[in-house]
Protein chains: 2
Amino acid sequence: MDIRRALKLAGLEPVHLGLKAREHLFHTGDRILRMYLVLEGRLTMVRTLESGQELVVQRAGPGEFLAEASLFADRYHCDAICETDIACEVYDKRDLFTALGERDVSIAILEAYSRSIRILRSQIELRNIKRADDRVLAYLTLLPADEDGWRYPSLSWKDVARTLGLSHEAVYRALAALTRGNRIERAENRIRPA
Amino acid sequence: MDIRRALKLAGLEPVHLGLKAREHLFHTGDRILRMYLVLEGRLTMVRTLESGQELVVQRAGPGEFLAEASLFADRYHCDAICETDIACEVYDKRDLFTALGERDVSIAILEAYSRSIRILRSQIELRNIKRADDRVLAYLTLLPADEDGWRYPSLSWKDVARTLGLSHEAVYRALAALTRGNRIERAENRIRPA
DNA sequence: CGTCCGCTTGACTCAGATCAAACTTGGTGG
DNA sequence: CCACCAAGTTTGATCTGAGTCAAGCGGACG
């Protein structure tokens with residue numbers, strides 16, 4: 001448990017916390033004020049989609065530090081539920097930042113990592129969408145938009161197909177179907193969800 | 001380009017480097033001695049699978065720091081190919097580590113992030129395997145093994161199904177097929193690729 | 001001018017999703 | 001202690017939608 005020693009060396013004082021199985025460590029929407037290091041037990045991070053479907057975002061066990069999702073976010077976007085009884089250490093987020101050196105190389109790099117993680121997670125979530133047209137639409141919606149909602153894809157559709165885990169034919173057909181169903185508008189090099 | 005300022009403040013001196021489209025920034029197997037910050041242009045990280053299939057692992061553009069995959073690894077496991085002409089800054093990896101404070105909280109947390117990233121990437125790679133039995137087999141192979149090659153899955157097969165993006169029926173059928181084809185051995189609570 | 005590549009659509013196939021039903025196991029509560 | 005319930009496991013039958021093969025179009029580039 002390397003990280004624990006490092007935290008101790010940095011002069012951070014954890015508070016201990018125990019929870020029973022099925023209790024929540026935090027809920028979606030809670031302010032992120034603390035970071036947790038799991039000592040014993042397992043917990044599951046669950047994201048509930050608008051559709052009501054529950055998605056296991058991550059599982060954490062002994063030695064894992066629940067920070068990735070949270071260091072640079074303000075509020076949680078998932079629930080943390082104990083699979084078993086757990087023991088963990090609680091660190092104050094602001095203390096941690098001070099220990100990291102506030103606006104420092106470490107923070108800058110961590111932020112870059114954090115961005116990568118978010119992108120990877122969103123890619124996995126995209127792949128959980130089974131229908132090709134829904135998946136393509138979700139991909140388009142995630143793209144940065146201008147003030148009118150237009151997106152300017154930087155990848156060829158063929159590459160989009162690869163990142164979505166679809167054949168390029170499936171993507172073309174999805175685009176055609178979405179256009180037919182008035183779920184997107186296409187014009188030259190731009191595209192917009194309706 | 002926040003990270004650049006932070007690196008400068010930390011006293012790190014970059015070397016500038018320009019490459020033409022289609023040139024390689026690094027190859028699979030190269031020692032990782034430098035970190036790159038992209039200033040202009042785009043590049044693609046490509047991983048070549050044993051099957052010969054090429055997999056786009058990541059794309060990077062201006063402001064991105066090519067470090068995630070590499071800070072805690074010794075050698076690259078992908079090729080970086082310039083899509084366009086590019087300009088970047090080159091930092092020495094060891095200097096960077098010194099600036100981060102060697103064995104410090106930052107490093108410990110970065111390592112945790114790094115692990116998450118690797119796990120997420122492997123999950124995406126799993127999903128690129130189309131056939132259910134191959135995907136399940138690949139998943140099992142990734143699991144930690146004891147000295148005899150046995151794995152002790154910690155998830156119910158139903159949860160495995162969810163993480164693999166398959167229905168649970170498909171996973172059970174895949175396991176049955178793999179057992180029939182002698183591609184795995186099962187016993188009680190453990191399982192082993194043949 | 002020819003070639004390559006991205007784009008687009010059609011036809012057919014097949015693997016995985018879905019629905020359904022039965023069995024096992026562990027846990028709860030009367 | 002046992003009835004009962006919930007959840008995971010297992011197998012069968014059917015259906016659907018994405019992969020694959022095939023073919024044609026147009027623009028870019030040498």
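Reckoned from all heavy atoms, side chains included, excluding hydrogens, waters and symmetry mates. Note on naming: letters A, B, ... go to the chains in the order of the sequence lines (proteins, then strands), and numbering restarts at 1 for each one.
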| task | Classify the nucleic acid contact of R180(A) as base, sugar-phosphate or nothing, counting any heavy atom under 4.0 Å across all strands shown. | result | nothing
| Protein-nucleotide distance (I129(A), atom CD1; dA17(C), atom P), rounded to Å | 15 Å
| message | Going by the rule salt bridge (Lys or Arg N to Asp or Glu O under 4.0 Å), which residues pair with E125(A) if we only count those two or more places apart in sequence or in a different chain? | response | R47(A)
| task | Round to the nearest Å and state the distance from R131(A) atom CZ to dG19(D) atom P. | result | 13 Å
| task | Only counting residues at least two apart or in another chain, list the ones meeting salt bridge (Lys or Arg N to Asp or Glu O under 4.0 Å) with E89(A). | result | R4(A)
| note | By nearest-nucleotide position on DNA chain D, the 5'-leaning member of L166(A) and S156(B) is S156(B)
| note | Tracing side-chain contacts under 4.5 Å among Ile, Leu, Val, Met, Phe, Trp and Tyr outward from L33(B) reaches none
So which protein nitrogen or oxygen atoms get under 3.5 Å of nucleotides 18-22 of chain C's nitrogens or oxygens?
unit_1, atom_1, unit_2, atom_2, d
dT18(C), O4, R173(B), NH2, 2.9
dC19(C), N4, E169(B), OE2, 3.0

Per-pair distances, 0.1 Å, donor-acceptor, side chain in residues 117-124 of chain A, under 3.5 Å, sequence neighbours excluded:
unit_1, atom_1, unit_2, atom_2, d
R121(A), NH1, V57(A), O, 3.4
R121(A), NH2, Q58(A), OE1, 3.3
R121(A), NH2, E68(A), OE1, 3.4
S122(A), OG, R118(A), O, 3.4
S122(A), OG, I119(A), O, 2.7

| request: Please state how far atom CZ in R162(B) lies from atom P in dA7(D), giving the value in whole angstrom units. | output: 11 Å
| task | For residues 158-173 of chain A, pull every pair meeting side-chain hydrogen bond (donor to acceptor under 3.5 Å, both in side chains), keeping only residues two or more places apart or in separate chains. | result | S156(A)-D159(A), D159(A)-R162(A)
Contacts under 3.5 angstrom, residues 177-186 of chain B side chains, donor-acceptor by atom type, not counting sequence neighbours:
unit_1, atom_1, unit_2, atom_2, d
T179(B), OG1, L175(B), O, 2.6
R183(B), NH2, D133(B), OD2, 3.4
R183(B), NH2, D134(B), OD1, 3.4
E185(B), OE1, R192(B), NH2, 3.4
E185(B), OE2, R192(B), NE, 3.3
E185(B), OE2, R192(B), NH2, 3.0

| query | Which of the following nucleotides, dA18(D), dC7(C), dG16(C), is nearest to the side chain of A132(A)? | reply | dA18(D)
| said: How many whole angstroms separate atom CZ of R127(A) from atom C1' of dG16(C)? | reply: 17 Å
| query | L175(B) has an atom CG; how far is it from atom C1' of dT11(D), in whole Å? | reply | 13 Å
What N/O pairs connect the protein and nucleotides 28-30 of chain D at under 3.5 Å? Give each pair on its own line.
none

| query | Between the axis at one end of the helix from dC1(C)-dG30(D) to dG30(C)-dC1(D) and the axis at the other (five pairs apiece), what's the angle to 10 degrees? | reply | 40°
| note | Of dT9(D), dA18(D), dC7(C), the nucleotide closest to the side chain of Y172(A) is dC7(C)
| request: Please name all residues satisfying salt bridge (Lys or Arg N to Asp or Glu O under 4.0 Å) with R34(A), sequence neighbours left out, ordered by chain then number. | output: none
| field | Lys/Arg N to Asp/Glu carboxylate O, R75(A) vs D30(A), below 4.0 Å | value | no
| query | Rounded to the nearest Å, what distance is computed from the CG atom of residue L155(A) to the C1' atom of nucleotide dC5(C)? | reply | 16 Å
| message | Check the orientation of F65(B) and Y91(B). Use parallel for under 30°, tilted for 30 to 60°, and perpendicular for over 60°. | response | perpendicular
| remark: Separation of dG6(C) atom C1' from N189(A) atom CG, nearest Å, is 16 Å
| In whole Å, what is the span from the CH2 atom of W157(A) to the C1' atom of dT8(C)? | 13 Å
| said: My understanding is that a hydrophobic cluster links ILVMFWY residues whose side chain heavy atoms are under 4.5 Å apart, including indirect links. Using that, what else belongs to the cluster containing Y152(B)? | reply: W150(B)
| Within the pair R186(B) and dT10(D), is there a side-chain N or O less than 4.0 Å away from OP1 or OP2? | yes
| field | Close side-chain approach of L25(A) to L66(A), heavy-atom, < 4.5 Å | value | yes
Determine all donor-acceptor pairs shorter than 3.5 Å in which one atom belongs to a side chain in residues 35-46 of chain B; sequence neighbours excluded.
unit_1, atom_1, unit_2, atom_2, d
R42(B), NH1, A60(B), O, 3.4
T44(B), OG1, E83(B), OE2, 2.7

